[in-house]
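Since we're looking at a predicted model, the values are computed, not measured. Note that the numbering runs from 1 along the sequence shown for the chain.
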Amino acid sequence: MSDERIGVIGGGIMGSGIAQVCALAGLSVALVDISEAALAKARASIASGLGRQVDKGTLTEQQRAAALGLIATSTDYASLGDAGLVIEAASENLELKQRILKQIGAQVAVDAIIASNTSSLSISQLAAQVEHPGRFIGLHFFNPVPLMSLVEVIRGLDTAEACYSRTLAFAERIGKTAISAGNRPGFVVNRILVPMLNEAIFTLQEGLASAEDIDTGMKLGCGQPMGPLALADLIGLDTLLAILESLQQGFGDPKYRPAPLLKELVAAGRLGRKSGHGFYRYG
């Protein structure tokens, strides 16, 4: 087991981004997903992301090749056996994450850190699926991972101090700034951000303004780099809905109720950028 070897579960947008920044920091990565097709897609996404950095002149071709060489892909959880830190980056679904965490726990050493990239679920509840829950922690990255410098580090009831310290050191190693958050639904950033996005959707639903005007208003009136509806599309409307439902369930407060329009879009499969259509259409 070595903290120089990182496991990542899930090759989607978040998982592939996490794998990319770890490899660029010189860490060996085992990227695990359910199928070879999913892994091929993840590897292509990482290669493309690194290629854009080469095109911008922020990375050399040699650095790109070295980073890709540090990422090994597999459908077998046994490939995580010597990882010092394993990050679960599956979809924001409690039952799915619980199943994955049990599988991780069966493969890694007892002193390996197991982290979840959850954006809203209880770290203490997830830790209950892991033997030796003192090694479990929340490690919430932001999308797109290679560009966003923040990570939230969330301790559960049983998270050990050594686990917390090692996680902070890992965040620093990969060039991220860590903030510590309490184990409450949404943690810090999403607790503040997601209700604002939901209110923008209510504003659109009520016909107060067009999507374009809502986003322009928030960009020019509040200095936001991206309008709330465009940001919701980037996050994924299904992910946004899951976070809102987690906030509403966790706090029991109707102010977190998801906008009916958001529910309708998700039910129709209009999930934002990843499906090609959300509040906006994408090529």
Side-chain angles (χ1 to χ4, degrees), residues 9-10 12-15 18 87-102 104 113-130 133-143 145 148 150-160 163-164 167-168 171 176-203 224 228-229 231-263 265-267 271-272:
I9 309 298
I13 294 172
M14 298 304 293
I18 294 168
I87 304 167
E88 170 274 310
S91 301
E92 194 73 353
N93 178 282
L94 177 62
E95 291 75 20
L96 173 62
K97 288 181 181 291
Q98 287 174 325
R99 289 198 303 271
I100 289 172
L101 292 172
K102 286 182 179 178
I104 296 171
I113 294 173
I114 302 176
S116 176
N117 182 54
T118 181
S119 54
S120 63
L121 298 174
S122 168
I123 299 305
S124 296
Q125 184 177 14
L126 291 172
Q129 305 301 313
V130 176
R135 61 180 172 159
F136 190 82
I137 198 162
L139 190 57
H140 179 214
F141 290 82
F142 290 81
N143 185 31
V145 177
M148 301 295 280
L150 180 70
V151 292
E152 290 179 316
V153 178
I154 309 101
R155 283 185 278 193
L157 282 174
D158 298 313
T159 303
C163 173
Y164 174 67
T167 303
L168 290 180
K176 301 299 183 185
T177 297
I179 63 170
S180 297
N183 183 39
R184 296 293 183 271
F187 315 129
V188 172
V189 174
N190 280 336
R191 171 83 175 270
I192 298 167
L193 173 67
V194 168
M196 185 271 287
L197 301 182
N198 194 42
E199 196 63 30
I201 300 170
F202 271 115
T203 303
Q224 294 184 355
L229 300 177
L231 178 56
D233 275 353
L234 178 63
I235 292 169
L237 302 190
D238 52 341
T239 300
L240 182 61
L241 178 58
I243 296 170
L244 280 163
E245 290 173 338
S246 178
L247 289 169
Q248 186 178 29
Q249 180 181 3
F251 291 113
D253 192 327
K255 75 178 181 180
Y256 297 113
R257 71 197 188 286
L261 176 58
L262 175 61
K263 291 183 174 182
L265 289 171
V266 172
L271 308 181

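- Atom CZ of residue Phe187 and atom CD1 of residue Ile192 lie 13.5 Å apart, to the nearest 0.5 angstrom.
- Although no hydrogens or angles enter the test, the distance criterion places a donor-acceptor pair under 3.5 Å between the side chain of Glu152 and the main chain of Val188.
- Put simply, the side chain of Lys176 gets close to the backbone of Met148: a donor and an acceptor are under 3.5 Å apart.
- With rounding to the nearest 0.5 Å, the separation of CD1 in Ile137 from OH in Tyr164 is 7.5 Å.
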- Query: Where do Asn183 and Ser124 land on the side chain to side chain donor-acceptor pair (under 3.5 Å) test, with the steps shown first?
  - Reply: CA-CA 8 Å; Asn183 183 39; Ser124 296; 3.3 Å; yes
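- Of all heavy-atom pairs spanning Ile104 and Glu88, the tightest one is CD1-CB, 4.2 Å.
- Among Val189, Leu244, Ile235, the single residue meeting the side-chain contact (heavy atoms from CB on, under 4.5 Å) criterion with Val194 is Leu244.
- Between Leu265 atom CG and Lys263 atom NZ the span is 13.0 Å, to the nearest 0.5 Å.
- When all heavy atoms of Pro260 and Phe202 are compared, the pair lying nearest together is CD-CE2, 3.8 Å.
- Asp233 places no side-chain N or O within 3.5 Å of a backbone atom of Leu271 that could act as its donor or acceptor partner.
- For the atom pair Ile114 CD1 and Ile87 CD1, the distance stands at 12.0 Å (nearest 0.5 Å).
- Thr177 is not listed as a side-chain neighbour of Val151, based on a closest heavy-atom distance of 4.5 Å or more.
- The two atoms that bring Pro258 and Leu241 nearest to each other are CB-CD1, 3.5 Å, heavy atoms only.
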- Task: For Gln248 and Asp253, run side chain to side chain contact (heavy atoms under 4.5 Å, CB included): C-alpha distance rounded to whole Å, both residues' side-chain angles, the deciding distance at 0.1 Å, then the answer.
- Result: CA-CA 6 Å; Gln248 186 178 29; Asp253 192 327; over 6 Å; no
- Trace of the side chain to side chain contact (heavy atoms under 4.5 Å, CB included) decision for Cys163 with Thr167: CA-CA 6 Å; Cys163 173; Thr167 303; 4.2 Å; yes
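- Considering Thr118, Asn190, Ile179 as possible partners of His140, the one that fulfils the side-chain contact (heavy atoms from CB on, under 4.5 Å) test is Asn190.
- The shortest non-hydrogen separation linking Leu139 to Ile154 is N-CD1, 4.5 Å.
- Rounding to the nearest 0.5 angstrom, the gap separating the CZ atom in Arg99 from the NZ atom in Lys102 is 10.0 Å.
- When atom types are taken as modelled, the side chain of Glu92 and the backbone of Ser120 share a donor-acceptor pair closer than 3.5 angstrom.
- Here Gln125 contributes atom CD and Leu157 contributes atom CG; the two are 11.5 Å apart, rounded to the nearest 0.5 Å.
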- Hey, mind stepping through Phe136 and Ser116 against side chain to side chain contact (heavy atoms under 4.5 Å, CB included) and telling me if it holds? CA-CA 8 Å; Phe136 190 82; Ser116 176; 3.8 Å; yes
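- The minimum heavy-atom distance between Gly156 and Ile123, with the atom names listed, is N-CG2, 3.7 Å.
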- Test side chain to side chain contact (heavy atoms under 4.5 Å, CB included) on Lys97 and Ile100 and set out the steps. CA-CA 5 Å; Lys97 288 181 181 291; Ile100 289 172; 5.7 Å; no
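- Contact detail for Leu240 and Ile201: the closest heavy-atom pair is CD2-CD1, 3.9 Å.
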